[in-house]
Visitor: 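The structure's right below; bear with me while I get my questions together.
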Protein chains: 2
Amino acid sequence: MLSQKTRYAIRAMQHLADKYGQGPIPLTDIAETQNIPAKFLTVILSELSRYGIVASQRGKDGGYWLGVPPIDITYGDLIRVMRGSLALVPCASRFAHETCKNCVEEKDCRTRALMLQVRDATANLLDGMRLSDRIDPVPAAEGLEAVEDL
Amino acid sequence: MLSQKTRYAIRAMQHLADKYGQGPIPLTDIAETQNIPAKFLTVILSELSRYGIVASQRGKDGGYWLGVPPIDITYGDLIRVMRGSLALVPCASRFAHETCKNCVEEKDCRTRALMLQVRDATANLLDGMRLSDRIDPVPAAEGLEAVEDL
DNA sequence: GTATTCTCTATCTCAAAAGTTGACAATGGG
DNA sequence: CCCATTGTCAACTTTTGAGATAGAGAATAC
């Protein structure tokens with residue numbers, strides 16, 4: 001699962017992408033329309049601006065905007081920045097590899113072999129989706145099937 | 001990321017799959033070879049046996065074995081049982097759908113639309129991989145590239 | 001009956017996630 | 001120059017859930 005912070009970051013960035021080229025967007029504007037605790041959002045936006053994908057200006061009429069055109073920011077980038085990795089296990093991360101604790105030898109680990117495949121499939125998708133993409137929300141009904149017994 | 005518990009469950013099930021048809025496997029056998037804290041493993045195996053995918057017998061020569069042939073257990077099943085969902089956000093789960101906290105209306109949420117696609121891709125992969133599959137571990141070197149700057 | 005092995009509920013510990021506080025710095029307008 | 005506005009940053013608190021353990025109990029084999 002993505003952390004709440006990562007989800008906030010994604011929505012904030014989508015908001016900034018929607019308003020790209022419209023000058024600085026104040027934090028409270030993002031916080032209110034995106035339903036994100038304002039103070040917490042400052043932490044998130046500061047983090048993103050340290051990576052250069054968000055720019056900011058202080059003072060009157062200040063605010064935030066994308067430091068990079070929306071077409072150059074993929075959802076894969078965003079998740080990696082916030083979470084460090086797209087992988088489901090630390091040892092299957094391409095850019096933030098770590099050995100898993102209490103595991104078997106990595107060279108013998110079948111779980112890892114599987115999770116590398118999952119990571120690649122996920123990365124293929126997310127690295128092809130950009131903040132500039134027009135995305136049609138899916139009606140809420142979809143995804144509401146009954147719980148399967150297994 | 002998968003929880004440690006889910007990873008333990010996967011390795012334990014692989015272990016049982018390897019020894020399928022060889023009678024009850026004692027917990028300590030699994031715990032030792034798979035490097036899983038024994039007491040914690042009891043919790044995991046009890047949970048799995050409540051779902052029927054693991055069977056057990058108490059007393060001398062007791063132990064655990066797969067309640068279902070390894071070809072009938074997919075990795076997707078396993079992860080759903082342990083974690084409830086393959087999705088990256090609660091609202092994108094097919095079998096354990098929940099609305100996300102502090103989010104926008106689900107029908108307007110673009111993040112959800114994306115994550116539904118990711119869930120489907122992940123499910124396609126994991127539901128096609130079975131405990132009976134022969135899986136070749138990937139040498140540890142792969143996945144050790146330098147960290148990208150973004 | 002005794003050693004073995006699983007069962008179950010309760011509990012503990014601890015790190016990370018989520019969120020807040022408050023002092024500070026830049027900017028623009030009067 | 002002063003003041004309102006808006007971002008910056010480090011420290012801190014709170015909450016949550018994961019991970020792990022404890023311990024009494026029940027089945028089974030010998």
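Here is the naming used below: chain letters follow the sequence lines, and residue numbers restart at 1 for every chain.
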Visitor: Specify the separation, in whole Å, of atom CG of A:L16 and atom C1' of D:dG7.
Guide: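 The answer, rounded to whole Å, is 14 Å.
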Visitor: Side chain of B:Q57: nearest nucleotide among D:dA29, C:dG19, C:dA17?
Guide: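 The answer is D:dA29.
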Visitor: Closest-nucleotide mapping onto DNA chain D: is B:K101 or B:P37 further toward the 5' terminus? I mean the 5' end.
Guide: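 Looking at DNA chain D, the more 5' nearest nucleotide goes with B:K101.
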Visitor: Please state how far atom CG in B:L48 lies from atom C1' in C:dC6, giving the value in whole angstrom units.
Guide: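 Rounding to the nearest Å, CG of B:L48 and C1' of C:dC6 are 14 Å apart.
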Visitor: B:S3 or A:S46: which one's nearest nucleotide on DNA chain D is closer to the 5' end?
Guide: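 Closer to the 5' end of DNA chain D: A:S46.
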Visitor: For the residue pair B:V118 and A:L126, what are the closest heavy atoms and their distance?
Guide: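 Minimum heavy-atom contact is CG2-CD2, 3.7 Å.
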Visitor: Please state how far atom CE in A:M1 lies from atom C1' in D:dT16, giving the value in whole angstrom units.
Guide: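 My rounded result for the distance is 16 Å.
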Visitor: Using a 4.0 Å heavy-atom cut-off, does B:L45 contact any base of the nucleic acid, only the sugar-phosphate backbone, or nothing at all?
Guide: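 It contacts nothing in the nucleic acid.
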Visitor: Measuring from the side chain of A:F40 (C-beta onward, heavy atoms only), which nucleotide among C:dT7, C:dT20, D:dG7 has the closest atom?
Guide: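 For A:F40, the side-chain atoms sit closest to C:dT20.
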Visitor: Rounded to whole Å, please give me the gap between CG in A:L2 and P in C:dA16.
Guide: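 Going from A:L2 (CG) to C:dA16 (P), I get 19 Å.
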Visitor: Examine D:dA18: is either OP1 or OP2 under 4.0 Å from a nitrogen or oxygen in the side chain of B:Y8? Give yes or no.
Guide: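 For B:Y8, the contact criterion (side-chain N or O under 4.0 Å from OP1 or OP2 of D:dA18) is not met.
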Visitor: Please name the pair of heavy atoms, one in B:T111 and one in A:R11, separated by the smallest distance, quoted to 0.1 Å.
Guide: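 What the structure gives for the nearest pair is OG1-CG, 3.9 Å.
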Visitor: So which nucleotide from C:dA18, C:dT7, D:dT8 ends up closest to the side chain of B:S49?
Guide: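 Taking heavy atoms from C-beta onward, the closest nucleotide is C:dT7.
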Visitor: Could you give me the CA-CA distance, side-chain angles and deciding distance for A:D133 and B:R110, then say whether salt bridge (Lys or Arg N to Asp or Glu O under 4.0 Å) is met?
Guide: CA-CA 10 Å; A:D133 291 351; B:R110 285 177 282 174; over 6 Å; no
Visitor: How long is the line joining CG of B:L27 and P of D:dA20, in whole Å?
Guide: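 Rounded to whole Å, this separation is 14 Å.
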Visitor: Judged by each residue's nearest nucleotide on DNA chain C, which is more toward the 5′ side, B:D61 or A:A38?
Guide: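 This one resolves to B:D61.
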Visitor: Spell out yes or no: do the side chain of B:K39 and the base of D:dG23 have one donor N/O and one acceptor N/O closer than 3.5 Å?
Guide: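 It does, because a donor-acceptor pair links the side chain of B:K39 to the base of D:dG23 below 3.5 Å.
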Visitor: Which nucleotide sits closest to the side chain of A:P26: D:dT21, D:dG7, D:dT28?
Guide: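 Within the option list, the nearest is D:dG7.
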Visitor: Separation of A:R50 atom CZ from D:dT8 atom P, in whole Å?
Guide: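 The answer, rounded to whole Å, is 9 Å.
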Visitor: Report the distance from atom CD of B:Q14 to atom SG of A:C109, rounding to the nearest 0.5 Å.
Guide: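 It comes to 7.0 Å.
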Visitor: Between B:S56 and B:N102, which is nearer to the 5' end of DNA chain C once each is assigned its nearest nucleotide?
Guide: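 Its nucleotide being nearer the 5' end, the pick is B:S56.
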Visitor: What nucleotide among C:dG19, C:dT27, C:dT7 has an atom nearest to a side-chain atom of A:K60?
Guide: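 When the side chain of A:K60 is considered, C:dT27 is the closest of C:dG19, C:dT27, C:dT7.
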Visitor: Examine distances only and state if a side-chain atom of A:S93 and a backbone atom of A:P90 form a donor-acceptor pair shorter than 3.5 Å.
Guide: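 Here the side-chain-to-backbone pair does not exist.
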Visitor: Write down the distance between OH (B:Y64) and P (D:dA27), rounded to a whole number of angstrom.
Guide: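 Between P of D:dA27 and OH of B:Y64: 15 Å.
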Visitor: To the nearest angstrom, how far is B:I36 atom CD1 from D:dT21 atom P?
Guide: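 Rounded to the whole Å, the gap is 13 Å.
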